Amino acid sequence: MAATTIATVRKSSVIPGFGLALGVTLTYLSLIVLIPLALLFWRSASGGPEEFIRISTDPRTIAALRLSFTTSFIAALVNLVFGMILAWILVRYEFPGRRLIDAVIDLPFALPTAVAGIALTTLYAPNGWIGAWLQPFGIRIAYSQTGIIIALIFIGLPFVVRSVQPVLEDLNREVEEVAATLGANRRQTVRRVVMPALMPALLTGFALAFARAVGEYGSVIFIAGNSPYKTEIAPLLIVIKLEEFSYSGATTIAVLMLIASFLVLLAIHLIQSWSRRRYGDV
Amino acid sequence: MSDGAFTTARLHGASGIHFRPVTMERKRVRLALILISLAFLALFLVMPVLAVFVEAFRGGWPAFAEAIFEPDAAAAIRLTLLVAAISVPCNLVFGVAASWAIAKFDFRGKALLNTLIDLPFSVSPVIAGLIYVLMFGSQSLLGPWLKSEGIQVIFAVPGIVLATIFVTFPFVARELIPLMEEQGRGDEEAALSLGASGFQVFFRVTLPNVKWALLYGVLLCNARAMGEFGAVSVVSGHIRGLTNTMPLHVEILYNEYQFAAAFAVASLLAVLALFTLVVKSVLEWRYADEIAATRRH
């Protein structure tokens, strides 16, 4: 029985172990990811539509979600610009310390978020290393929305670089030479020949940085100040609801976050496939 | 026509004529881009790491040692090691199984499975913690039964392990799947035709082919497992000496204004991160050769 169902799922192969490998994969995936996530959606719906609407239209929920998505968007934009420049210099230029910089880019992946959070707060607090310099000008970074953006720039930094880098390495430079021989100056070549080819990779990096930033908790809570309506991000509000034993509150906000992230990623995916059709796959 | 249009030739004193290729920006632009990048990295990467170590050693060695060997800190370090020691092998077995199924076979729903494996990357760590509270907490369906059996999952080590497994779920699979897909099935089929058993094929052919990628995935998985904060924070209950991992201990010390102690524990995590980066870079240099080797044959 089991053998026949496996045979219908899989095309024939002489390599053994398909049943075992797929079995382990699906069981583990279901137990760790799928069943718990399904339970989240089921629990958020179990309070009934009125409860769901009441929590999702609560001004504090809306303020937190808006803050999370706007700060993540700004941070991802900053990372898009600097990530592009970083990928460019790492692939195209030779300079001392290039390999070191290439290695250091991944630091935000390796450094625990709580460590990043307290370090950034120490730098940008009003009496901190950098904060003290900005204080006389009335610029406040820690305990404000700017602080949240700084933390989100940190954690999202590698995504754009690592998405663009391999594509830029594979890019055929002869196309750029052709553009130059046809009379394009360097700026025109970069803008009209190179950038369209990098567009899908840039968008992928942007989407990854954005998705990571929306969910980020550890690095933000230290630097944010966490005052309701002003600097309270959505993941923090989930934690607060949970500490108040408001399970319906926590699950509703979690579901809203997941749906909103999904819509943003879907939109980016659509733009990506449009730009692939427009400029061709690279 | 502007001067950037074609290859520009310039006289450089006695050294002769220097050409700038058409596919290269002007020196001024190059220098500016490099300087902007260096400034950006100095501000966002170097300064924070530097701050961790400077603050950690502000009170000198004795204060640093005291913060690390103090019983609660030692308990947090032990718990972090324990959690990583359970969750990393679990994800290792899963990663190998998933990449074997995906890379060595064709089946319906493969693309969907590939997408689902990445799902934990786009779920907030806080939500990762929340789903296990909903599953095993006192309010859950399983709650009363777990209580009668005397099993505690939430606010205990099992919950911390589960939340850590969730957030580190895709790491090993993500490293293995692309490499194993690229290597194809030829080697395995050849070994089988020569009479090797399934296990011999896996341990003698497949595993040596992917060992560096596997190590790399395990390393990233481990770094994240030891450093995870959000997910663990939701399920831990923050009981000192019992359910506090290192990142949670850092938070508690920081919120109690014990900054030097907080940074001392944080510096251990920062050392782990730097160590991970060093090994990762070394592997990448070797691993790049290895991929080139697999492309050759």
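Every chain is numbered from 1, with letters handed out A, B, ... down the list of sequences. In this text the structure is predicted, and so the values were computed from the model without any measurement.
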Select one option (side chain, backbone, both, neither) describing which atoms of [X] are under 4.5 Å from chain A's heavy atoms.
{"X": "B:Glu55", "answer": "side chain"}
{"X": "B:Lys280", "answer": "side chain"}
{"X": "B:Leu274", "answer": "side chain"}
{"X": "B:Leu134", "answer": "both"}
{"X": "B:Asn91", "answer": "both"}
{"X": "B:Leu248", "answer": "neither"}
{"X": "B:Pro120", "answer": "side chain"}
{"X": "B:Val265", "answer": "neither"}
{"X": "B:Leu45", "answer": "both"}
{"X": "B:Val96", "answer": "neither"}
{"X": "B:Leu33", "answer": "both"}
{"X": "B:Ile34", "answer": "both"}
{"X": "B:Leu277", "answer": "side chain"}

Hey, which of [options] has the most heavy atom pairs under 4.5 Å with chain A?
{"options": "B:Ala97, B:Gly137, B:Ala101", "answer": "B:Ala97"}
{"options": "B:Ala223, B:Gly198, B:Ala273, B:Gly109", "answer": "B:Ala273"}
{"options": "B:Leu130, B:Ile36, B:Val52", "answer": "B:Leu130"}
{"options": "B:Asn255, B:Thr276, B:Ile165, B:Val250", "answer": "B:Ile165"}
{"options": "B:Phe275, B:Tyr254, B:Phe166", "answer": "B:Tyr254"}
{"options": "B:Phe40, B:Phe229, B:Trp100", "answer": "B:Phe40"}

Checking [X] against chain B: side chain, backbone, both or neither under 4.5 Å from a heavy atom?
{"X": "A:Arg98", "value": "neither"}
{"X": "A:Thr251", "value": "both"}
{"X": "A:Arg43", "value": "side chain"}
{"X": "A:Leu123", "value": "side chain"}
{"X": "A:Tyr124", "value": "side chain"}
{"X": "A:Val190", "value": "side chain"}
{"X": "A:Leu208", "value": "neither"}
{"X": "A:Leu90", "value": "neither"}
{"X": "A:Leu20", "value": "neither"}
{"X": "A:Ala116", "value": "neither"}
{"X": "A:Phe262", "value": "neither"}
{"X": "A:Leu242", "value": "side chain"}

Within 6.0 angstrom of A:Arg173 CZ, more than 12 heavy atoms from elsewhere: yes
How are the rings of A:Tyr28 and B:Phe169 set relative to one another: parallel (under 30°), tilted (30 to 60°) or perpendicular (over 60°)? parallel
Heavy atoms only: give me the nearest [X]-[Y] pair and the separation to one decimal.
{"X": "A:Ile85", "Y": "B:Ser37", "answer": "CG2-OG, 3.4 Å"}
{"X": "B:Phe105", "Y": "A:Ile15", "answer": "CE2-O, 3.1 Å"}
{"X": "B:Tyr132", "Y": "A:Pro36", "answer": "CE2-CG, 4.0 Å"}
{"X": "A:Leu265", "Y": "B:Ser122", "answer": "CD1-CB, 4.4 Å"}

Step by step, work out the side chain to side chain contact (heavy atoms under 4.5 Å, CB included) result for B:Glu251 and A:Ile221. CA-CA 10 Å; B:Glu251 184 203 16; A:Ile221 55 160; 4.0 Å; yes
With rounding to the nearest 0.5 Å, note down the distance linking [atom1] in [X] to [atom2] in [Y].
{"X": "A:Tyr217", "Y": "B:Ser233", "atom1": "OH", "atom2": "OG", "answer": "4.5 Å"}
{"X": "B:Ser281", "Y": "A:Asp106", "atom1": "OG", "atom2": "CG", "answer": "7.5 Å"}
{"X": "A:Phe245", "Y": "B:Ser138", "atom1": "CZ", "atom2": "OG", "answer": "7.0 Å"}
{"X": "A:Ile130", "Y": "B:Met47", "atom1": "CD1", "atom2": "CE", "answer": "3.5 Å"}
{"X": "A:Leu39", "Y": "B:Phe136", "atom1": "CG", "atom2": "CZ", "answer": "9.5 Å"}

List the steps and the verdict of side chain to side chain contact (heavy atoms under 4.5 Å, CB included) for A:Thr25 and B:Ile102. CA-CA 10 Å; A:Thr25 305; B:Ile102 287 176; 5.9 Å; no
Do you know which of [options] has the most heavy-atom pairs under 4.5 Å to chain B?
{"options": "A:Met257, A:Arg99, A:Glu177", "result": "A:Arg99"}
{"options": "A:Ile32, A:Ile253, A:Leu26, A:Ile101", "result": "A:Ile32"}
{"options": "A:Ile238, A:Leu120, A:Val33, A:Leu31", "result": "A:Val33"}
{"options": "A:Ile35, A:Val239, A:Leu37, A:Val104", "result": "A:Leu37"}
{"options": "A:Ile118, A:Leu86, A:Leu40", "result": "A:Ile118"}
{"options": "A:Thr27, A:Val24, A:Asp102, A:Ile150", "result": "A:Ile150"}

Cation over ring face, B:Arg30 and A:Trp88, 6.0 Å, 45°: no
Take A:Leu22 and B:Leu113, measure what side chain to side chain contact (heavy atoms under 4.5 Å, CB included) needs, and give me the verdict at the end. CA-CA 10 Å; A:Leu22 193 67; B:Leu113 181 62; 4.0 Å; yes
Show your working on side chain to side chain contact (heavy atoms under 4.5 Å, CB included) between B:Phe121 and A:Arg212 and close with a plain yes or no. CA-CA 8 Å; B:Phe121 274 157; A:Arg212 175 75 207 269; over 6 Å; no
Taking only distance into account, with no hydrogens and no angle test, what donor-acceptor pairs under 3.5 Å do side-chain atoms of residues 108-115 of chain A form with protein atoms, sequence neighbours excluded?
none

Under 6.0 Å between ring centres: does that hold for B:Phe44 and A:Phe82? no
